[in-house]
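Structure record follows, encoded as structure tokens.
Throughout, numbering of the chain's residues begins at 1 and tracks the sequence. Nothing here was measured: the structure is a model prediction, and the numbers come from that model.
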Amino acid sequence: MNSKILVTGGAGYIGSHTVVELLEKNYEVVIIDNLSNSRIESLDGIQAITGARPAFEKFDLCDREKVDAFFKENIDISAVIHFAASKAVGESVENPLKYYRNNLVSLMNILESMERYHVPNLVFSSSCTVYGQAKTLPVTENTPILPASSPYGNTKQVSEEIIRDTIFTSDFNKAISLRYFNPIGAHPSTLIGELPLGIPDNLVPFVTQTGIGIREKLRVFGSDYNTPDGSAIRDYLHVVDLAKAHVVAIERLLAGKNKAEFEVFNLGTGNGVSVFEMIQSFEKVSGKKLNYEVVDRRAGDIEQIWADTSLANDELGWRTLSTLDEAVKTAWEWEKHYRSLNPQN
């Protein structure tokens, strides 16, 4: 058995896929998740895929005493992958205090316990939102950090600053921040995938839910952006490719191959895809015509962004393997499989 890894938010979308990749590399995994935006059933999917069920504890990471008690009882943890956070851009604009409290307090509690119990390695789930609306594209890790366009994005900026400052002033010594672009898709087994509670905030689950009839129509937020077809552009990468990057980052830290105490890597495909192009991809792989309407722009959204992935490719030896159509097809297959088993949801 390899090292023991704590995965916060491990029952969620990206977390569950990362847990699968860790277990398949023979790591021991323990999950903390309060299930506020995830389902306990994802553990069944993880077990069905890997043959192993990770240890699980349900509590809120904003509870300082529970976090400390957990680390005190699990002093053999070698590294932490910190996913747990509120993540909806639109909701963060409407309820900023929820995002600042949940995302920042939980991180500080984890860092304090890691320091107290000598857990030296952290992989942080960051986001391309830290760049704001970059003035030049594609975005590199040296692209200037502009004012965030949403409280969610600001919490990622501030979180990285907190981690950097903590490392430089204490014995807590190594961290990698992975700045995701836009994860989509599902595990090819269709046993785990993206399942937002309530109305989806992300594009692809709204597309697949509309395709299967759960939503009446997809709303396209803005068609007057300065882009080739007027809709917003993002860099969409398959969630399994993204999950594998976390294993690579963990292995880099555990092996002491990091070149600085705090490293940052962009994770994307390097290609920008518009909302209308995403709709076309779904219609191609599903054979269904998607019902959608164009509405006003959404507060907090940026116009366009995609990654320069050279650093992650060269330093981590990581790159995306799936095409857009392949990723969208797994999202559609997951949607159909889940609804066939849960027609009431």
Side-chain angles (χ1 to χ4, degrees), residues 5-22 27 29-34 36-38 42 60-62 67 77 79-89 92 99-100 102-111 114 119 121-131 141 145 148 150-164 166-167 174-185 192 194 196 201-202 234-253 262-268 307 309 312 316 318:
I5 312 297
L6 166 62
V7 181
T8 71
Y13 174 43
I14 306 172
S16 61
H17 286 82
T18 300
V19 170
V20 165
E21 298 301 321
L22 288 167
Y27 285 96
V29 177
V30 56
I31 293 172
I32 298 174
D33 199 309
N34 67 0
S36 62
N37 193 36
S38 58
S42 66
D60 193 325
L61 291 164
C62 289
V67 173
I77 290 173
V80 176
I81 303 178
H82 182 44
F83 290 108
S86 299
K87 62 178 184 177
V89 170
S92 78
Y99 277 68
Y100 289 118
N102 191 45
N103 294 6
L104 300 182
V105 172
S106 60
L107 173 65
M108 290 187 287
N109 287 345
I110 289 167
L111 290 175
M114 290 180 72
V119 179
N121 303 303
L122 173 69
V123 174
F124 177 64
S125 167
S126 192
S127 167
C128 65
T129 57
V130 301
Y131 297 111
E141 288 80 358
I145 302 295
S150 68
Y152 164 71
N154 198 31
T155 66
K156 293 300 184 181
Q157 289 183 353
V158 174
S159 291
E160 288 194 1
E161 292 169 0
I162 291 171
I163 294 167
R164 184 183 294 108
T166 302
I167 289 173
K174 294 185 292 183
I176 292 176
S177 183
L178 299 177
R179 292 174 178 168
Y180 316 157
F181 280 65
N182 291 73
I184 62 171
I192 55 174
E194 187 170 10
D201 187 71
N202 295 333
R234 297 291 184 270
D235 186 339
Y236 297 97
L237 73 159
H238 196 300
V239 67
V240 174
D241 288 334
L242 176 58
K244 291 178 185 297
H246 293 78
V247 179
V248 173
I250 285 291
E251 291 174 343
R252 181 178 178 88
L253 291 173
F262 182 66
E263 294 183 310
V264 171
F265 297 98
N266 288 339
L267 300 181
T309 62
L316 298 179
W318 170 90

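N103 places a side-chain N or O within 3.5 Å of a backbone atom of S86 that can act as its donor or acceptor partner. Between the side chain of T309 and the backbone N or O of A312 there is no donor-acceptor pair closer than 3.5 Å. A donor-acceptor distance shorter than 3.5 angstrom exists from the side chain of N109 to the backbone of L61, with no hydrogens or angles considered. Side-chain atoms of K156 do not come within 3.5 Å of backbone N or O of V130 as any donor-acceptor pair. With E160 contributing its side chain and S126 its backbone, the two residues share no donor-acceptor pair below 3.5 Å. Proximity of a side-chain donor or acceptor of N154 to a complementary backbone N or O of A148 within less than 3.5 Å is not detected. Without hydrogens or angle criteria, W318 side chain to L267 main chain gives no donor-acceptor distance under 3.5 Å.
Between the CD1 atom in I184 and the CG atom in L237 there is a gap of 7.5 Å [rounded to 0.5 Å]. From Y27, atom OH reaches atom OG1 of T18 across 13.0 Å, with rounding to the nearest 0.5 Å. Remark: T166 OG1 to L111 CG distance equals 5.0 Å, nearest 0.5 Å. Annotation: the span from K174 atom NZ to I163 atom CD1 amounts to 15.0 Å, rounded to 0.5 Å. Rounded to the nearest 0.5 Å, atoms CG (L122) and CD1 (I110) are 8.0 Å apart. Expressed to the nearest 0.5 Å, how far CD of E263 lies from CZ of R164 amounts to 12.0 Å.
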Run the side chain to side chain contact (heavy atoms under 4.5 Å, CB included) test on N202 and Y13 for me, step by step, so that the C-alpha distance in whole Å, both residues' side-chain angles and the decisive distance to 0.1 Å come before the verdict. CA-CA 12 Å; N202 295 333; Y13 174 43; 5.7 Å; no

Side chain to side chain contact (heavy atoms under 4.5 Å, CB included) assessment of N121 paired with V80: CA-CA 6 Å; N121 303 303; V80 176; over 6 Å; no

Walk me through it: do F83 and H246 pass the test ring pair (Phe, Tyr, Trp, His ring centres under 6.0 Å)? CA-CA 11 Å; F83 290 108; H246 293 78; 5.0 Å; yes

Test log, rule side chain to side chain contact (heavy atoms under 4.5 Å, CB included), inputs I5 and I77: CA-CA 6 Å; I5 312 297; I77 290 173; over 6 Å; no

Can you list the steps and then say if V7 with V30 is a side chain to side chain contact (heavy atoms under 4.5 Å, CB included)? CA-CA 6 Å; V7 181; V30 56; over 6 Å; no

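Between I31 and A11, the shortest heavy-atom distance links the atoms CG2-N, 3.9 Å. Nearest heavy-atom pair across G9 and A84 is N-CB, 3.7 Å. The two residues F262 and S177 make their nearest non-hydrogen contact at CZ-CB, 3.8 Å. Between V89 and D201 the shortest heavy-atom distance is N-OD2, 3.4 Å. S92 approaches P151 most closely through the heavy-atom pair O-CG, 3.1 Å. Residues A175 and I167 approach most closely at CB-CD1, 3.4 Å, considering heavy atoms.
Put simply, the side chain of D60 reaches to within 4.5 Å of the side chain of N102, judged on heavy atoms. By the 4.5 Å heavy-atom criterion applied to side chains, L6 and V29 are not counted as neighbours. Under the 4.5 Å side-chain criterion, counting only non-hydrogen atoms from C-beta, D33 is not in contact with T8. Proximity of Y152 to S127: side-chain heavy atoms (C-beta onward) are separated by under 4.5 Å at one or more points. The shortest distance between side-chain heavy atoms of E194 and P183 does not fall below 4.5 Å. The side-chain heavy atoms of F181 and R234, taken from C-beta on, include no pair separated by under 4.5 Å. Between H17 and L242, every side-chain heavy-atom pair lies at or beyond the 4.5 Å cut-off. The shortest side-chain heavy-atom distance between Q157 and Y131 does not fall under the 4.5 Å cut-off.
Residues forming a salt bridge (Lys or Arg N to Asp or Glu O under 4.0 Å) with E21 (at least two apart in sequence, or on another chain): K244.
Residues R179 and E141 are not paired through a salt bridge, judged by the lack of any N-O separation under 4.0 Å between the basic side chain and the carboxylate.
The closest side-chain donor-acceptor pair between N266 and Y180, if any, does not fall under 3.5 angstrom.
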